[in-house]
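Keep in mind the model is a prediction, meaning the values are calculated, not measured.
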Amino acid sequence: MKNDDQLSSAFAALADATRRNILQRLREGPVTVSELAAHYPISRPAISQHLAVLEKAGLVQRNRRAQWSECSLTTDGLMDVASWITAQQAVWNERFDRLEEYIEKEKSDE
């Protein structure tokens with residue numbers, strides 16, 4: 001059940017455009033919260049709240065370095081999301097294949 005809760009947290013985190021953009025910025029490497037906040041028209045505490053959601057979802061980690069808080073991506077959370085999506089895609093592809101076979105069979109029976 002814990003894995004499902006983590007997946008739900010990840011999808012909830014990814015539902016927000018600002019958080020998705022933060023993840024894109026972090027692909028370039030670790031940055032401080034202040035450096036990250038400079039790119040957004042919202043307050044630093046608001047960025048920290050977004051980071052807290054991403055951290056809870058297992059998508060970001062924060063490390064304290066002296067007086068700075070540095071943020072970086074964690075791949076495990078994203079890999080869990082990608083794995084779930086891939087599994088769902090396989091299920092739906094199989095269902096569409098069966099539907100197509102059924103439709104072809106119905107056409108040939110007419």
Are [X] and [Y] packed together at the side-chain level, in the sense that at least one heavy-atom pair is separated by less than 4.5 angstrom?
| X | Y | result |
| --- | --- | --- |
| Ile85 | Gln88 | no |
| Met79 | Trp84 | no |
| Leu59 | Leu23 | yes |
| Glu70 | Val31 | no |

Is a salt bridge present between Glu101 and Lys105, judged by a nitrogen-to-oxygen distance below 4.0 Å?
no
Ionic contact status for Asp16 with Arg20, cut-off 4.0 Å:
no
Interatomic distance, Asn93 atom CG to Arg98 atom CZ [nearest 0.5 angstrom]
11.5 Å
Measure the spacing between CZ of Arg44 and CG of Leu36 and express it to the nearest 0.5 Å.
10.0 Å
Quick one: closest heavy-atom pair of Val60 and Thr74, and the distance?
N-OG1, 3.5 Å
Within a radius of less than 6.0 Å around CD of Glu28, do more than 12 heavy atoms belonging to other residues, nucleotides or ligands occur?
no
Hey, any chance Leu26 and Val33 share a hydrophobic cluster, counting ILVMFWY side chains that come within less than 4.5 Å of each other, even indirectly?
yes
Would you please name every residue forming a side chain to side chain donor-acceptor pair (under 3.5 Å) with Glu55, sequence neighbours left out?
Arg62
